[in-house]
Amino acid sequence: MKRWDLQPTQIALVDVNNFYVSSERAFDPAIRRKPVAVYSNNDGCVIARCAEVKAMGVKMGVPVFEVRQLFKARGVVTRSSNYELYHDMSTRFTASLEQFCPEVEQYSIDESFLHFHGFGEQLSEHCQRLIAAVRQWTSMPCCAGIAPTRTLAKAANHFAKTLGVPGGVLQIGSEYHRQQLLQQMPAGEVWGVGRRLAKRLAMLDIHTAWDLATAHVPTIRKAFGVTLERTVRELQGVSCIELAPLDQAKHEIVSGRMFGRLLTQFEDVMAAVANHVQLAAEKLAAQDGVTGRLTTTVQARESGGGWRHLSAHAEFRPATKDTQALTAAARRALNEVFVAGREYRRASVCFSALERAQEQQDDLFGITNDGKDRLTDCLADINRRFGRGGAVLASARLSDEWQMKREHLSPAYTTDFRQLPVARTE
DNA sequence: TCTGGGGTCCTAGGACCC
DNA sequence: TCTGGGGTCCTAGGACCC
């Protein structure tokens, strides 16, 4: 029998249970024993639920209006997304993991892959101590799945949660164990298999993760491409999915959002666009980048009632980070697609063709934009020191009709002195 | 009446080159 | 009538992730 737990390299996937809910509960003991749900931006749909709310049958992503009555009747506490809080809790979580593993690969806001080499049979206990420590240091519950590949570690983590294993750690220990688990797992639950792929796989009579792991690889390759082939090999125990480091410069930067209500006026939509240009420009500055291409996209209502994406783009040579030039280009692009009298519900801005500022090629004609870049740097600096919105171009503030709804927002417990939680002793 | 936001990778197809 | 082969680069779109 192949011993999977004694392979020289083991990967643990550790993630926080119901991360947004757990973050909300961390600073508000009053809701620790109550059912809690967290809403998306704009209070549009449900994006996090505690176990009790999941048990009520509330699915990820359901529109809020569908569950409002249920939540009221069952006393569910609701919160708008509080990303300042979540990011801070995420930093604390990752820092805790680093106390237990030198090789932490952060994958998303609430989960990391931990790489262990030559740990032998003690790894499971080590991860149990890790989970207890995270609980003590951050108050957040988490689980770990351990296996030789990322995809199998994800699967193990899935079972650590759903089977409620003691200590919150599940390690795939043997060939038999791997088979047992994968046979219980629907193919659509496998990391990298979404709804559409699951449907197409079902037509080939592939229903479980085990079916997928034992499928004919060349057939999979031919029908679904190299991405799914890699998933199959990972399920077989061959590590072949690498992750790009999180701190690597992004290839594109997007900022976009639904409006708090439908808009019809050009300047209202433009105010949102200008704000997104500013946010994207700050992210661009953070990676010391410049952009060669800007795309403005809006969603407009069609005469039939459906929604349609309309977009136009502008190019920059040389590439730039000048917020004024970017905003002006975004305005021209919006002008190309905006039709008076239509309703709009969303705007977004995407920077692509990104380059590093230092490696930027000189323009053939020696055109530079030194002075304007200094203004951009200065704005970014002010916003870093005084918080978002400390200084913006006037065009981004002409209208705030587009601002999103956040009617159930919790305080910024950890990032704003005025909102620190207060502890009292009796 | 109300349905998020920000990313990634891969593929196919067109334009263009010698 | 018969109309190459191989390569690069770019873009749009599809699928996935949390």
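Below, chain A is the first sequence line, B the second, and so on; all start at residue 1.
Atoms CE (A:M258) and P (B:dT3) sit 5 Å apart, rounded to a whole Å. The nearest whole Å value for the distance from the NZ atom in A:K59 to the P atom in B:dG4 is 19 Å. Rounded to whole Å, atom P of B:dG6 lies 15 Å from atom CG of A:L354. B:dG4 atom C1' lies 15 Å from atom CD of A:E66, rounded to whole Å. Look at CG on A:L262: it is 13 Å from P on B:dT1, rounded to the nearest Å. Rounded to an integer number of Å, the gap from CZ of A:R68 to P of B:dT1 is 14 Å. Rounded to whole angstrom, the span from the CZ atom of A:F19 across to the P atom of B:dG4 amounts to 21 Å. Per the geometry, NE2 belonging to A:H87 stands 11 Å off P belonging to B:dG6, to the nearest Å.
Looking only at distances, no side-chain donor or acceptor of A:S90 sits under 3.5 Å from a matching main-chain atom of A:Y86. Listed for the A:N275 side chain is no donor-acceptor partner under 3.5 Å among the backbone atoms of A:A272.
Side chain of A:R345, nearest nucleotide from C:dC18, B:dG6, B:dT3: B:dT3. Listed candidates were B:dT3, C:dC18, B:dG4. Nearest to the side chain of A:F65 is B:dT3. When distances are taken from the side chain of A:C45 to each of B:dC2, C:dC18, B:dT3, the shortest belongs to B:dT3. With B:dG6, C:dC18, B:dG4 as the candidates, the nucleotide lying closest to the side chain of A:M60 is B:dG4.
Residue A:V38 is out of contact with every strand shown, counting any heavy-atom pair closer than 4.0 Å. Within 4.0 Å of A:V193, counting heavy atoms only, lie sugar-phosphate atoms of the nucleic acid but no base atom. In this structure, A:E252 reaches the bases: a heavy-atom distance under 4.0 Å links it to at least one base atom across the strands shown. If you check every strand for non-hydrogen atoms under 4.0 Å, A:S348 touches nothing. Residue contacts shown for A:K199 are absent, as no nucleic acid heavy atom lies under 4.0 Å away. Nucleic acid contact for A:D43: none, since no nucleic acid atom lies under 4.0 Å from a heavy atom of the residue. A:V226 comes within contact range of the sugar-phosphate backbone alone, with a heavy-atom separation under 4.0 Å but no base atom that close.
Each of A:H251 and A:Y83 has a nearest nucleotide on DNA chain B; the 5'-most of these lies closest to A:Y83.
A:I206 is listed as a side-chain neighbour of A:I220, based on a closest heavy-atom distance under 4.5 Å.
Considering only side-chain N and O atoms, A:K283 lies nowhere under 4.0 angstrom from the phosphate OP1 or OP2 of B:dG5. For the pair A:R346 and B:dG4, the criterion of a side-chain N or O lying under 4.0 Å from OP1 or OP2 is not met.
The aromatic rings of A:Y39 and A:F71 sit parallel, their planes meeting at an angle under 30°, below the 60° perpendicular limit.
The partner of C:dG7 is B:dC16, judged by Watson-Crick or G-U wobble contacts that both fall below 3.5 Å.
Separation of the C1' atoms belonging to B:dC16 and C:dG4 is 16 Å when rounded to the nearest angstrom.
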Write down the protein N/O and nucleotide N/O pairs, taken from nucleotides 7-15 of chain C, whose separation is under 3.5 Å; answer none if there are no such pairs.
residue: C:dA15; atom: OP2; partner: A:R196; partner atom: NH1; Å: 3.3

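The one candidate from A:F266, A:F259, A:F338 that meets the ring pair (Phe, Tyr, Trp, His ring centres under 6.0 Å) condition with A:Y344 is A:F338.
Cation-pi contact between A:R345 and A:W307: present, with separation from the ring centre below 6.0 Å and deviation from the ring axis of at most 45°.
Expressed to the nearest 0.5 Å, how far NE2 of A:H276 lies from CZ of A:R346 amounts to 7.5 Å.
For the 3.5 Å distance criterion, the side chains of A:S81 and A:N41 fail to qualify, holding no donor opposite an acceptor.
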